[in-house]
Structure formats: structure tokens, C-alpha cells
Peer 1: 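For reference, the structure I am asking about is given below.
Computed from a predicted structure; not experimentally measured.
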Amino acid sequence: MAEAQQALQRLSLYFASATTRQGVLARRILGSEAADDTDVARRLVQQTLTQASNDGNGAGAVVPTVWRIHELLDLGCGVDHPDCGRILADLLALQGKPGAFSQGCSRTRHAHRVCEHFISGFFSPAPPEQRLAPVMLPNGKVFRAEPAARFAVSCLALRAALRGKLDTRASVERHFVSLLQLSEQWADWNGYFAGDAIVAGIHALASAGKLRAEVPTRLAGLITAQQKADGTWPNADLFATLEALLALGTAEAHAAVKRAIPSLLSRQRLDGSFGTTAQQERALVALRALIWAEQEN
């Protein structure tokens, strides 16, 4: 597709001189690494570790801290690094604390099996008396409803824990199993869970390396079943959904990404970006989606 190749060229120029994590990763994906990218990555790791040590404790402060783990792992800072290990330990300390999505029970929550009688292991992004929403995730998706915001942040944290090789921890395992149980409800995108929350949950599950072969296929089917004729999804952010499909990596996910490409291309600006929200992160998601869509699965 000529339009896709043009979009990739724009993205290549967009990221050509970016001294950011996204720039380093994009050039790596494109096979056009700069001579100083190793030094840039090393400097970014040090900056990220410094920022992590200065992160606050207010509502919403957990999101940057969780994202630091993803950034460090992307840049090659392993979990054996003492400071990365410390951040992961701080993350684990948030599990089961007051304010976690799984805590509390009401008639509605109990009926939907989303209370503490059925699920556990979720991370608390803020005490229950502190309002978290609206909160923006690094991919630019904003969660405005309080329960969905707490659920989505916990899913982002679970992804970090799984990437950090903490999947054998009992508390992490409980979160993972709870999400698997909840996924049985996700065929209905107009029910208790809206599409964006479902996508966040699926992305977290896709981060686990121990899923039985049929599970990623089932999860991809939950997304593809909701895809509209124009390739987008109702009540779900395009870039967040593409991220989840990329993480699943199944044939069904690949086909869905290909169907979404025309809609993605229509959003690209002349400078290669896709708007002003989470500009580089969304451009990186688009780059990965475009490259995968061009490949045979």
C-alpha cells in the first residue's frame, strides 16, 4: 500500500533525530539506529531513575512511576539493576492497599463479580478518599470514570510486574487470574466494563508469557468482534486498542490491525505525528502497527 509506505517515511523523518525513548525504539524498529543511540539510551535510563526517585505520592502519581518501569525495560535496564528492583518493590507494595479496584462490595459490584469476594491482587493507584479520575495513560487514553481509572492503572501496573519477571509472586498471580475470570464478561462492550477498560485488561493479560494457546485467540476475538467497518472500535481508543492487538500477536489480531490501517492513516499529520496528545507515544504505536500490517502473518 503506497499510503502506508508514505506514512512510514513520515514516521522515519519524525523520529530521525528524537533523543527520546520513543526515538531510540523507533530507529531500532526501522533499522536506522543512530551512532549515539547507545549513549542516548544510557542517559535516558539515568534520567528516568532520577525522576522515579522524585515521584510524588498524590493522586495520579502512580501512573508516572509505573511507566518508569516500562521505560527502563524498553531501554535495556534489566530488573537486576538495584534501582529498577527498588521501583518494582515499591510497585508490589501497592497491591491490596485501600483504593484498589477489587476492594469493597455493593449489590451491583457483587452481581458483576468485581468485588473483593471474587477478585484480588489489584494495585491501588490512590487511597479511596482521593479522586483519581480523570487520568491519562501514557498512550494518551483518558479514563474519566473513577472505577475504570483505577482498573486501567492497575492493568498498566500488572503489565510492568509481568515484564519485570514477577509473575511467580502470589499477589501478581492473583491479579492475573482475576483478570482471566473477568474476561468472561468482556463479550459485551456495553455492560459493566466499557470498551476502553476491556482493552486495558486484554493488554495486561497479553503481557503474560504463560497463557494457554487458545486464550490469546479468544482475547483477540473479543476485540475483533467489536471492530466497525471503518476499522475502529466503539468506546475504545484506536491507539490503545492497536497496542493490545500488537501485544496479543495472533493471526486474528494481525487481521484486525490491517483493517484499522486506513483509519490510522487518515489521522496522520504531515509531520508524521497523529495529533498533540501523547504525540511520540502514539506515533510509536502507529509505527509498530504499520510495520506489522505490512508483514505476512
Peer 1: Is it true that Ile198 and Val177 fall in one hydrophobic cluster, defined by side-chain heavy atoms closer than 4.5 Å?
Peer 2: yes

Peer 1: Any side-chain heavy-atom pair from Ile87 and Thr65 closer than 4.5 angstrom?
Peer 2: yes

Peer 1: Apply side-chain contact (heavy atoms from CB on, under 4.5 Å) to residues Glu116 and Ser102 and explain how you reach the verdict.
Peer 2: CA-CA 5 Å; Glu116 58 198 24; Ser102 52; 5.6 Å; no

Peer 1: Which heavy-atom pair separates Ala236 from Thr241 by the least distance, and what is that distance?
Peer 2: CB-OG1, 3.7 Å

Peer 1: Please tell me whether Gln279 and Gln22 have a donor and an acceptor in their side chains that are separated by less than 3.5 angstrom.
Peer 2: no

Peer 1: Verify whether one side chain among Arg267 and Ser263 offers a donor that lies under 3.5 Å from an acceptor in the other.
Peer 2: yes

Peer 1: Can you tell which of His81, Arg86, Arg68 makes a side-chain contact (heavy atoms from CB on, under 4.5 Å) with Leu49?
Peer 2: His81

Peer 1: Aromatic ring centroids of Phe118 and His110 under 6.0 Å?
Peer 2: yes

Peer 1: Judged by atom type as modelled, is there a donor-acceptor pair below 3.5 Å linking the side chain of His254 to the main-chain atoms of Gln295?
Peer 2: yes

Peer 1: Check whether NZ of the Lys or CZ of the Arg Arg150 lies under 6.0 Å from the centre of the six-membered ring of Phe143 and within 45 degrees of that ring's axis.
Peer 2: no

Peer 1: I need the minimum non-hydrogen distance between Pro234 and Lys228, along with the two atoms involved.
Peer 2: CD-CG, 3.9 Å

Peer 1: Taking it one step at a time, do Glu252 and Arg218 satisfy salt bridge (charged side-chain N to carboxylate O under 4.0 Å, His left out)?
Peer 2: CA-CA 9 Å; Glu252 295 82 4; Arg218 179 177 68 81; over 6 Å; no

Peer 1: Could you walk me through whether Leu238 and Phe274 pass the side-chain contact (heavy atoms from CB on, under 4.5 Å) test, one step at a time?
Peer 2: CA-CA 11 Å; Leu238 175 62; Phe274 293 81; over 6 Å; no

Peer 1: Could you go through the salt bridge (charged side-chain N to carboxylate O under 4.0 Å, His left out) check for Asp74 and Arg28 one step at a time?
Peer 2: CA-CA 11 Å; Asp74 284 344; Arg28 189 180 300 166; over 6 Å; no

Peer 1: Do His117 side-chain atoms and Arg113 backbone N/O form a donor-acceptor pair below 3.5 Å?
Peer 2: no

Peer 1: Do Phe151 and Leu182 have side-chain heavy atoms sitting under 4.5 Å apart?
Peer 2: yes

Peer 1: In this structure, which one of Glu281, Gln47, Gln280, His70 forms a side chain to side chain donor-acceptor pair (under 3.5 Å) with Arg21?
Peer 2: Glu281

Peer 1: Set out, in order, the CA-CA distance, both residues' side-chain angles and the distance that settles side-chain contact (heavy atoms from CB on, under 4.5 Å) for Val199 and Trp233, then state yes or no.
Peer 2: CA-CA 10 Å; Val199 166; Trp233 288 267; over 6 Å; no

Peer 1: Testing the basics here: between Arg144 and Arg131, what is the closest heavy-atom pair and its distance to 0.1 Å?
Peer 2: O-NH2, 3.2 Å

Peer 1: Leu137 and side-chain contact (heavy atoms from CB on, under 4.5 Å): which single residue from Val153, Val66, Asp196 fits?
Peer 2: Val153

Peer 1: Taking side chain as C-beta onward, heavy atoms only, is Asp271 less than 4.5 Å from Arg10?
Peer 2: no

Peer 1: For the residue pair Lys97 and Phe123, establish whether any side-chain heavy-atom pair is separated by less than 4.5 Å.
Peer 2: no

Peer 1: With the side chain counted from C-beta on, respond yes when Val135 and Val142 share a heavy-atom pair under 4.5 Å apart, and no when they do not.
Peer 2: no

Peer 1: Decide yes or no on side-chain hydrogen bond (donor to acceptor under 3.5 Å, both in side chains) for Gln6 and Gln268, but give the supporting numbers first.
Peer 2: CA-CA 11 Å; Gln6 185 178 52; Gln268 191 180 38; over 6 Å; no

Peer 1: Have a look at Arg282 and tell me which of Asn139, Asp237, Thr277 forms a side chain to side chain donor-acceptor pair (under 3.5 Å) with it.
Peer 2: Asp237

Peer 1: Does the side chain of Ser120 pick up a donor-acceptor pair with the side chain of His175 at under 3.5 Å?
Peer 2: no

Peer 1: Would you indicate whether the side-chain heavy atoms of Leu179 and Trp186 approach each other to under 4.5 Å?
Peer 2: yes

Peer 1: Is there side-chain contact between Trp67 and Leu72, with at least one heavy-atom pair below 4.5 Å?
Peer 2: no

Peer 1: Between Leu180 and Val215, is the side-chain contact (heavy atoms from CB on, under 4.5 Å) condition met? List the steps.
Peer 2: CA-CA 9 Å; Leu180 269 183; Val215 176; 4.0 Å; yes

Peer 1: Counting only heavy atoms not in Arg259, do more than 12 fall under 6.0 Å of its CZ?
Peer 2: yes

Peer 1: Quick one: are Arg288 and Ile29 in side-chain contact, heavy atoms under 4.5 Å?
Peer 2: yes

Peer 1: Using modelled atom types and a 3.5 Å cut-off, is there a donor and acceptor pairing between side-chain atoms of Asp37 and backbone atoms of Ala34?
Peer 2: yes

Peer 1: Please check if the side chain of Ser178 supplies one atom and the backbone of Arg174 the other of a donor-acceptor pair under 3.5 Å.
Peer 2: yes

